[in-house]
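Some notes on the structure that comes next.
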Amino acid sequence: MPELPEVETIAQELQILLQGKKIQAVEILRESIVRSPLTEFQAALVGRKISKVKRRAKFLIFSLEDKKHPNPLLFLVVHLRMTGQFAFQTQPHLSPSQPFSALVYPQKMVPKNQRILFDFGKETLIYYDQRALGQMAIFTPAHFQLLEKKWGVEPLGKEFTCKRLQNIIHKRKISLKTLLLDQKAIAGIGNIYASEILFAAGLHPKRIASSLNAKEAEGLHFSLLKILKMAIAEKGTTFRDYKRTRQQTGNFQNFLKVYGRAGKTCFTCKDLVQKIKQNQRSTFFCPQCQPMSV
DNA sequence: AGTAGGACCTGGTGGC
DNA sequence: TGCCACCAGGTCCTAC
């Protein structure tokens with residue numbers, strides 16, 4: 001579900017909701033999501049203040065501070081995968097005598113898919129994840145640096161110039177669609193925005209990356225930034241599961257030109273939008289607006 | 001270097 | 001209504 005614009009939206013909202021708040025308790029309802037040793041995970045979170053929430057690639061990075069601790073700064077790193085969601089609510093807290101979830105939902109009406117609960121005293125942050133593929137772990141600043149090195153260039157960073165994109169594509173003999181999904185090349189683009197970016201650029205998804213000329217690369221760079229920025233301005237795309245921190249949806253689904261529109265007429269040329277499989281994943285494109293030959 | 005297939009998980013949908 | 005196959009916004013691993 002969540003790609004760069006969705007994760008960016010969630011990070012911005014969590015930053016406002018959580019900054020300066022101290023975690024009182026954590027309840028883990030699905031252990032497989034936590035990739036650190038469970039006791040270490042609990043110990044790292046409880047009693048720490050969240051000083052910042054930001055996005056990098058498709059990850060949410062929570063800065064956790066405790067000035068008196070030998071490790072004054074730790075990071076909680078979260079990947080939502082397909083169906084991860086954070087919901088913030090002004091509801092009660094954990095009591096040592098009762099399970100957290102029983103307090104929040106008195107009749108044992110624990111909503112489905114609740115996986116991890118973060119207690120802030122008077123407020124609660126709930127991590128939902130239907131498919132439970134999401135992951136979270138604690139990192140020291142040193143380990144976090146190592147992790148960050150594995151990620152591709154940040155498309156919204158100032159280092160992502162047209163020249164940089166040309167360097168990335170010129171040696172890759174894979175399709176443009178596959179390249180856009182390669183997180184080690186460019187970080188943050190997922191299946192929806194890959195199709196939308198290529199439509200905006202007028203490039204066929206099966207074009208080999210290295211075959212682009214300078215003008216086409218420039219167009220791809222421009223379209224990539226345009227689509228991602230528009231999607232962030234619209235708070236992301238709610239196609240099926242994506243919800244924001246107060247359960248609001250995004251709005252960019254109203255601007256999709258090809259994704260999910262197989263068999264429908266292209267808004268630009270009236271040809272029919274096609275759906276194909278690339279690397280076992282759906283790609284949508286307009287054959288007229290995105291010709292294979294230049 | 002690139003790709004196919006399976007794994008991780010759950011639930012919605014459409015066909016019979 | 002029931003069962004089944006297939007689909008899903010992500011990523012990692014192994015085998016060719």
Side-chain angles (χ1 to χ4, degrees), chain A residues 1-11 28-35 55-60 77-86 110-116 127-137 147-148 150-152 155 168-199 205-211 227-228 230-232 234-244 249-263 275-285:
Chain A
M1 158 195 69
E3 308 181 27
L4 186 152
E6 290 74 34
V7 181
E8 178 66 30
T9 301
I10 293 165
I28 300 166
L29 304 172
R30 178 66 72 97
E31 296 183 355
S32 63
I33 288 168
V34 177
R35 293 314 179 109
R55 176 198 62 80
R56 173 75 176 90
K58 292 178 196 167
F59 292 83
L60 288 164
V77 178
V78 179
H79 198 301
L80 305 170
R81 292 287 181 97
M82 299 286 262
T83 52
Q85 294 177 15
F86 276 108
V110 177
K112 256 185 178 175
N113 306 329
Q114 222 173 249
R115 307 299 187 199
I116 318 270
Y127 177 71
Y128 290 90
D129 195 341
Q130 183 212 104
R131 293 172 68 177
L133 296 173
Q135 298 186 354
M136 52 182 84
L147 177 73
E148 227 179 351
K150 295 180 190 166
W151 301 339
I168 291 168
I169 62 180
H170 98 271
K171 55 187 179 238
R172 301 296 302 270
K173 296 197 177 356
I174 55 175
S175 70
L176 285 174
K177 165 71 176 341
T178 306
L179 178 67
L180 289 179
L181 291 182
D182 180 355
Q183 301 301 302
K184 292 187 192 72
I186 303 166
I189 298 167
N191 211 35
I192 292 180
Y193 296 110
S195 283
E196 293 299 313
I197 288 165
L198 290 173
F199 176 80
K206 284 191 172 174
R207 276 287 296 279
I208 297 300
S210 60
S211 76
I227 294 292
L228 291 182
M230 264 181 72
I232 291 171
E234 297 297 336
K235 309 286 183 192
T237 302
T238 299
F239 203 77
R240 11 162 50 101
D241 304 311
Y242 165 66
K243 291 273 175 56
R244 297 201 268 139
T249 62
N251 197 40
F252 194 71
Q253 61 278 10
N254 299 318
F255 297 84
L256 296 176
K257 299 285 199 288
V258 286
Y259 187 85
R261 299 195 65 247
K275 177 180 176 177
I276 56 172
K277 286 276 178 193
Q278 287 180 280
N279 297 345
Q280 288 107 264
R281 309 202 64 197
S282 302
T283 300
F284 298 86
F285 73 106

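Keep in mind that what you see is a predicted model, and the values were worked out from it rather than measured. Throughout, a chain's letter reflects where its sequence line sits, starting with A, and its residues are numbered from 1.
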Atom pair [atom1] ([X]) and [atom2] ([Y]), whose distance is rounded to the nearest 0.5 Å:
X      : Y      : atom1 : atom2 : answer
A:I227 : A:F199 : CD1   : CZ    : 9.0 Å
A:R55  : A:T9   : CZ    : OG1   : 9.5 Å
A:S210 : A:K171 : OG    : NZ    : 11.5 Å
A:N113 : A:D129 : CG    : CG    : 7.5 Å

Query raised in the report: Under the 3.5 Å rule, do the base of C:dG10 and the side chain of A:E3 count as making a donor-acceptor pair?
Result: no
Would you say [X] places a side-chain N or O within less than 4.0 Å of OP1 or OP2 belonging to [N]?
X      : N      : value
A:H79  : C:dT11 : yes
A:K58  : C:dG10 : yes
A:Q183 : C:dT11 : yes
A:K184 : B:dG2  : no
A:S282 : C:dA8  : yes
A:N113 : B:dG11 : yes
A:R172 : B:dA1  : no

Without decimals, in angstroms, what is the distance between [X] [atom1] and [N] [atom2]?
X      : N      : atom1 : atom2 : result
A:D241 : C:dG10 : CG    : C1'   : 13 Å
A:F59  : C:dC12 : CZ    : P     : 7 Å
A:Q135 : C:dC12 : CD    : P     : 8 Å
A:R131 : B:dA7  : CZ    : C1'   : 12 Å
A:N279 : C:dT11 : CG    : C1'   : 13 Å

When all nucleic acid strands are considered with a 4.0 Å heavy-atom cut-off, which category describes [X]: base, sugar-phosphate, or nothing?
X      : answer
A:Y259 : sugar-phosphate
A:K277 : sugar-phosphate
A:I174 : sugar-phosphate

Nearest to the [X] side chain among [options], which nucleotide is it?
X      : options              : answer
A:K112 : C:dA8, B:dC9, B:dG11 : B:dG11
A:Q130 : B:dG11, B:dC9, C:dA8 : B:dG11
A:R30  : C:dC7, B:dT3, B:dC9  : B:dC9

Query raised in the report: Does A:F252 have its ring centroid less than 6.0 Å away from the ring centroid of A:Y259?
Result: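 That pair fails the under 6.0 Å test.
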Report task. Scan side-chain atoms only and decide if A:Y242 and A:E3 contain a donor-acceptor pair under the 3.5 Å cut-off. Result -> no
**Report entry** Whole-Å P distance, C:dC3 and B:dC8
**Finding:**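 Approximately 25 Å lies between the P atom of C:dC3 and that of B:dC8.
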Report task. Answer yes or no: is there a side-chain heavy-atom contact under 4.5 Å between A:L80 and A:F86? Result ->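 A side-chain contact under 4.5 Å exists here.
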Query raised in the report: Is the side chain of A:Q183 donor-acceptor paired with the backbone N or O of A:G188 at a distance under 3.5 Å, no angle test?
Result: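 At least one qualifying donor-acceptor pair exists.
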Report summary line: Pairs under 3.5 Å (Watson-Crick or G-U), crossing ones as [ ], inter-strand ones as |: DNA chain B comes out as .|||||||.|||||||
